Asker: 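This is the structure, below, for whatever I ask next.
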Number of protein chains: 2
Amino acid sequence: VKITPISGFPEYLPAERIVEQEFLDVIRSTFELHGFPSIETRAVEPVERLVGKGGDADKEIYAVSRLAADDGPADAQLGLHFDLTVPFARYVLENAGHLAFPFRRHQIQKVWRGERPQEGRYREFTQADIDVVDVGELAPHFEAEMPLVIAEVFRKLPVGRMVIQVSNRMIPEGFYLGLGIGSEDITEIQQTLRIVDKLDKIGAAKVREALLEAGRTPVQADQCLALAAIRTEDLSFVDQVRALGVEHPTLDAGLEALSAVIQSGLENAPGAMVADLKIARGLDYYTGTVYETQLVGHESWGSFCSGGRYDSLASDGKTTYPGVGISIGVSRLLGLMLGQGLLTASRSTPACVLVAVNDEPSRAESTGVATALRERGIPCEVAPKAAKFGRQIKYAERRGIPFVWFLAAGEGGDQVKDIRSGDQVDADATAWTPPARDLRPQVLSGQLTESGRP
Amino acid sequence: VKITPISGFPEYLPAERIVEQEFLDVIRSTFELHGFPSIETRAVEPVERLVGKGGDADKEIYAVSRLAADDGPADAQLGLHFDLTVPFARYVLENAGHLAFPFRRHQIQKVWRGERPQEGRYREFTQADIDVVDVGELAPHFEAEMPLVIAEVFRKLPVGRMVIQVSNRMIPEGFYLGLGIGSEDITEIQQTLRIVDKLDKIGAAKVREALLEAGRTPVQADQCLALAAIRTEDLSFVDQVRALGVEHPTLDAGLEALSAVIQSGLENAPGAMVADLKIARGLDYYTGTVYETQLVGHESWGSFCSGGRYDSLASDGKTTYPGVGISIGVSRLLGLMLGQGLLTASRSTPACVLVAVNDEPSRAESTGVATALRERGIPCEVAPKAAKFGRQIKYAERRGIPFVWFLAAGEGGDQVKDIRSGDQVDADATAWTPPARDLRPQVLSGQLTESGRP
């Protein structure tokens, strides 16, 4: 069997994986600091639970069936999940009797989509989600909490400045109703949202054209574009909307709700959020606050982190579970940053020390040194071969291991060498400690390499 | 769609997941202390790479195909991996030019098998593997290193005593050759190994019967059983084998190799290993040291951790990559222990503190306290509702959150209450620290609950 990569299923070399682990560790620990316990759901769901849930996702579902079975994918009972929201909604319904509401959870898992692969778009990728779900009603302060958690994640990640764009679906809906859009045919609102949602992709002129084609009047089209152009870091978006002269109770409710979220951002994460009224998440079933993100300087890469409020995240017919959540597209973000050489790891192994071996009969003594270092939390390995010391140092160098430990052979005691500087000092395996920055591999940002790979 | 669990695809409640995370964290950090970097491979492999690789695993493969595609599973190009060894071998061949050999890695991922589900046997489960692979030749000391890493993992996990049973495939092979088995027809050796491998399952009498049926002489059968009965914690297995009076150079090599592994265990992990000559891993392609494990007191649960040495882990026709590895069946171990109520988590959330809310207008002040606690690494959440304090305490109680923080309302300062003891003391959010044992959820062992669930 010839070995070739499978398009859309990326794999990392060890140094790249260290960068990914750093990202996942920061995300998990931040989610935990905010009191979101982890759950994992199985990779598969019944196909009929997946179909029709993801907007255009139907065609993207991977069916799973036993190879030995006769039935084709069309008869498949199971499919791989394409996001973490559909499985979470099912998990809530299945375990409602065992969960305490409001229920918070985080979930970091792979998802699969049969999409056409392209840069930063994969068929297998990792998402990291937080959601809060409650029974019947969900307090609005959770809509303000989500972006604060995300802002903290991105403050801690070495990705540069990430801006969270926030809006509220009630704003365009109320505004459109106030303009007379949807007053006779409610589907006009969704249709208008979808067209305006393309603003970043196709530009204002084409959006205006599409709105006119869809039956909006020139005044309506211009007003829709004026609303979508409003973007403020503070609460002044309210006055800018009011200045457009459109009135509707749903618009009032939306402006009040978004003000609360932005106000919370100003107090708790200054500079992290912006009220951006073009954000609609057109294809999704959000009903309140909606979130997208932009990496400053890489706006063309699109949003790496999106979400919003659903009035009905899950429902079993009797009980409705409203929720709010946000999802980080970890693989997309990493894939683009690694691909551009914007992130590298300082070494390709967790080992901080290579313990040299004087000769094979004394390997047990080198193992003893390694054990003593590990007992104090210092990752290390023992040289694979009692080769010349130069070759043992080379082994450490190739992997970026910063220290090589030499055992006393006869006179004198042990010594440890920083192979970057060449400094070599006396050392005791029960007491020596590396500098904190060397204990674990570091993720370095902005170091462009020729190949774009660490 | 009616919601029912899918047989063989277990899911955990948050408190159970906390136990699983603790296991995975201990496993990963121990692997890293020993200098094994992490890799992950994609969930899918070309079907032709999976078929025929897993002994009886062929019928267990899950095919993956796009739901919209016409081809049935028999035409499938891709299948879900059923272990982490086959993908690792492929990864080594694919990336050989980018890896430094001997190459160490750990890999903790889900795998899938279409097996009939039963207690502790799943269709989706997590494995945690370490392997070392080299080019052309692999130094034997790596065979001694593997069980030391595993012994350290199990010393740190709250599972009771785990014994690693070690043998070497050269011992039965050389012994059988010395007895005349396989001297004319080499397949007799594999056949004999497979029969003896059933010893624990069917007992000595039935194994003897099966050996006779397979054409072994009564003397050969008795000698095979005598060899398989040898089990020693020290090096005395060598004398016991010698006392059986069988001689062969391969037997000598096997005894010497096993002695080196057991000697290393005696020096570095006393009590963790036993030489157990019935261990053969009959269906697998091991060529040297082989490992299984027994949980003391739960021997009937079988092995949770197995592996061995392959002379040809991977090969591209020109270059051969020998390897040695071992795999922990995390889900099997956890499923049985959680199912029996042998492990519980002290709470169902990472939050250590619930910050109470005096009234909704002052929620921002409670958020400020939470931020101050988080800045010092204390996981917390803010009460979802400014309800009566009794109800806010109830919220913490249901989740096992040990502390509730009350903000000064008017006179006096903040106070924090340990809701288990009722102790309430003055506290400052920029200085107060919980006892170390309360900072994160603890995994408690041996606490049988009525339902067997935490």
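The structure displayed is predicted, hence computed values, not measured ones. Naming convention: chains lettered A, B, ... in sequence-line order (proteins, then strands); numbering from 1 in each chain.
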Asker: Applying side chain to side chain contact (heavy atoms under 4.5 Å, CB included), run through A:E145 and B:V382 and close with a yes or a no.
Answerer: CA-CA 10 Å; A:E145 185 184 357; B:V382 176; over 6 Å; no
Asker: With a 4.5 angstrom heavy-atom cut-off, which part of B:F125 approaches chain A: side chain, backbone, both or neither?
Answerer: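 Neither; nothing under 4.5 Å.
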Asker: Using side-chain heavy atoms (C-beta onward) and a distance below 4.5 Å, is A:R66 in contact with B:E60?
Answerer: no
Asker: Compare all side-chain heavy atoms of A:F31 with those of B:P350 and state whether any distance is below 4.5 angstrom.
Answerer: no
Asker: Please classify the contact of B:Q109 with chain A as side chain, backbone, both or neither, using a heavy-atom distance under 4.5 Å.
Answerer: side chain
Asker: Starting at OG1 of B:T349, measure out to CZ of A:F103 and round the result to the nearest 0.5 Å.
Answerer: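 If I round to the nearest 0.5 Å, the distance is 9.5 Å.
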Asker: With only heavy atoms counted, which part of B:P5 is less than 4.5 Å from chain A, the side chain, the backbone, both or neither?
Answerer: both
Asker: List the steps and the verdict of side chain to side chain contact (heavy atoms under 4.5 Å, CB included) for B:K110 and A:K110.
Answerer: CA-CA 10 Å; B:K110 299 245 169 73; A:K110 302 244 167 74; over 6 Å; no
Asker: Pick from B:T371, B:L354, B:I18, B:D25: which one has the most heavy-atom pairs with chain A under 4.5 Å?
Answerer: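 It is B:D25.
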Asker: Most heavy-atom pairs under 4.5 angstrom with chain B, which of A:E267, A:R123, A:R90, A:E20?
Answerer: A:R90
Asker: With a 4.5 angstrom heavy-atom cut-off, could you sort out which part of A:L99 is near chain B: side chain, backbone, both or neither?
Answerer: both
Asker: For B:S348, is it the side chain, the backbone, both or neither that has a heavy atom under 4.5 Å from a heavy atom of chain A?
Answerer: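 Contact with chain A: backbone only.
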Asker: For B:R399 and A:A100, indicate whether the former's side chain and the latter's backbone hold a donor-acceptor pair under 3.5 Å.
Answerer: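 Yes; at least one donor-acceptor contact below 3.5 Å.
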Asker: A:K385 vs B:D134, test: salt bridge (Lys or Arg N to Asp or Glu O under 4.0 Å). Steps then yes/no.
Answerer: CA-CA 12 Å; A:K385 207 173 166 187; B:D134 207 345; over 6 Å; no
Asker: Check each atom of B:R374 against the heavy atoms of chain A and say whether the ones under 4.5 Å are side chain, backbone, both or neither.
Answerer: both
Asker: Are more than 12 heavy atoms, taken from residues, nucleotides or ligands other than B:R376, located less than 6.0 Å from that residue's CZ atom?
Answerer: yes
Asker: Given that the side chain runs from C-beta out, which part of B:R105 has a heavy atom under 4.5 Å from chain A: side chain, backbone, both or neither?
Answerer: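 Contact with chain A: none, neither part.
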Asker: Counting C-beta onward and ignoring hydrogens, is there a side-chain heavy-atom pair between B:Q21 and A:S38 closer than 4.5 Å?
Answerer: yes
Asker: Is there side-chain contact between B:C380 and A:L33, with at least one heavy-atom pair below 4.5 Å?
Answerer: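 When only atoms from C-beta onward are counted, A:L33 and B:C380 do not touch, as no gap falls below 4.5 Å.
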Asker: Can you tell me which portion of A:R28 sits under 4.5 Å from chain B's heavy atoms? Options are side chain, backbone, both or neither.
Answerer: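 The answer is the side chain of A:R28.
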Asker: Walk me through it: do B:V44 and A:F9 pass the test side chain to side chain contact (heavy atoms under 4.5 Å, CB included)?
Answerer: CA-CA 8 Å; B:V44 297; A:F9 290 84; 3.6 Å; yes
Asker: I need the minimum non-hydrogen distance between A:V64 and B:Y62, along with the two atoms involved.
Answerer: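 So the minimum-distance heavy-atom pair works out to CG1-CD2, 3.5 Å.
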Asker: Donor-acceptor pair, distance only, cut-off 3.5 Å: does the side chain of B:E124 make one with the backbone of A:A43?
Answerer: yes
Asker: Looking at chain B, which one of A:I6, A:T30, A:L373, A:L93 has the largest number of heavy-atom pairs inside 4.5 Å, strictly under?
Answerer: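 Answer, by heavy-atom pair count under 4.5 Å with chain B: A:I6.
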Asker: Which atoms of A:T4 come close to chain B, meaning under 4.5 Å heavy atom to heavy atom: side chain ones, backbone ones, both, or neither?
Answerer: backbone
Asker: Are the side chains of A:H34 and B:E381 in touch, meaning some heavy atoms are under 4.5 Å apart?
Answerer: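 Result no, sub-4.5 Å side-chain heavy-atom pair not found.
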Asker: If we only count heavy atoms from C-beta on, is the A:Y12 to B:N95 side-chain gap below 4.5 Å?
Answerer: no
Asker: Hey, what do you get for CG (B:L78) to CG (A:L67), rounding to the nearest 0.5 Å?
Answerer: 11.5 Å
Asker: Once rounded to the nearest 0.5 Å, what's the spacing between atom CD1 of A:I39 and atom CG of B:L13?
Answerer: 9.0 Å
Asker: So which part of A:Q107 gets closer than 4.5 Å to some heavy atom of chain B, the side chain, the backbone, both or neither?
Answerer: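 Neither; nothing under 4.5 Å.
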Asker: Out of curiosity, B:C352 SG to A:E32 CD, how far, rounded to the nearest 0.5 Å?
Answerer: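 Between atom SG of B:C352 and atom CD of A:E32 there are 12.5 Å.
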Asker: Can you tell me how far CD of B:E11 sits from CZ of A:R42, rounded to the nearest 0.5 angstrom?
Answerer: 5.0 Å
Asker: Checking B:H141 side chain against A:P384 main chain: does a donor-acceptor pair fall under 3.5 Å?
Answerer: yes
Asker: Rounded to the nearest 0.5 Å, what's the gap from CD1 on B:I61 to OG on A:S65? Could you check?
Answerer: 12.0 Å
Asker: Non-hydrogen atoms of chain A under 4.5 Å away: do they reach the side chain of B:F36, the backbone, both or neither?
Answerer: backbone
